[in-house]
Amino acid sequence: MEQVHTFSIVFYLRIARVDKEGRSPIVCRMTIDGKRTEIQTSCKLEYHYWDKNRGRAIGSLGQVRSINQYLEQFKAKLIQHYSEMRFRGE
């Protein structure tokens, strides 16, 4: 019987670490087969620009759009690496 593999990616704002400008780092939590790992992104954002349900920045500022675009690219790269590893049987 073939083993079922699980894979998920979630972004969240680490509000416990606010810098002097009131921004918190955006963290990526990746879960593979029930094992979690957290990856720091290079993005920071004010709390009121974060939608915790969607895991994305909200608003119409250019910075917000850039952050969301960066997070999508970040996620795409992780999915690509995961797919390559699964293909190789790792």
Side-chain angles (χ1 to χ4, degrees):
M1 186 151 86
E2 190 173 322
Q3 182 181 2
V4 177
H5 296 279
T6 60
F7 177 73
S8 69
I9 298 171
V10 177
F11 294 100
Y12 69 94
L13 201 63
R14 183 166 279 158
I15 57 174
R17 293 190 180 153
V18 180
D19 66 10
K20 294 176 185 176
E21 297 170 359
R23 300 178 308 160
S24 298
I26 300 173
V27 178
C28 173
R29 177 183 294 143
M30 183 171 57
T31 307
I32 301 174
D33 297 332
K35 296 179 182 176
R36 291 182 184 177
T37 188
E38 292 184 352
I39 304 167
Q40 299 291 329
T41 68
S42 60
C43 299
K44 290 185 175 185
L45 189 68
E46 292 93 2
Y47 178 76
H48 58 274
Y49 288 120
W50 187 252
D51 181 347
K52 66 179 180 180
N53 294 324
R54 290 180 44 227
R56 295 286 180 266
I58 53 175
S60 60
L61 298 174
Q63 176 193 15
V64 170
R65 285 191 218 129
S66 296
I67 287 174
N68 284 335
Q69 184 178 25
Y70 174 83
L71 295 178
E72 285 301 318
Q73 291 172 351
F74 194 91
K75 182 176 181 177
K77 287 180 184 180
L78 290 175
I79 291 170
Q80 179 183 3
H81 288 299
Y82 175 75
S83 297
E84 290 172 359
M85 288 174 56
R86 293 280 300 132
F87 182 74
R88 291 192 307 254
E90 296 178 13

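If you're wondering where the values come from, they're calculated on a predicted model, not measured in any experiment.
To the nearest 0.5 angstrom, E72 atom CD is 6.0 Å from K75 atom NZ. Of the inter-residue distances, the one linking Q73 atom CD with Q69 atom CD reads 5.0 Å to the nearest 0.5 angstrom.
Under the 4.5 angstrom side-chain criterion for Ile, Leu, Val, Met, Phe, Trp and Tyr, the cluster partners of F74 are F7, I9, F11, L13, I15, I26, M30, I32, I39, L45, Y47, Y49, W50, L61, V64, I67, Y70, L71, L78, I79, Y82.
Applying the side chain to side chain contact (heavy atoms under 4.5 Å, CB included) test to E21 and every residue at least two apart in sequence or in another chain returns D19, R23. Residues meeting the side chain to side chain contact (heavy atoms under 4.5 Å, CB included) test with N53, sequence neighbours left out: D51.
The heavy-atom pair separating R17 from P25 by the smallest distance is O-CD, 3.0 Å. Between I58 and H48, the closest heavy-atom pair is CD1-O, 4.1 Å.
R14 places no side-chain N or O within donor-acceptor distance of the main-chain N or O of S24, the cut-off being under 3.5 Å.
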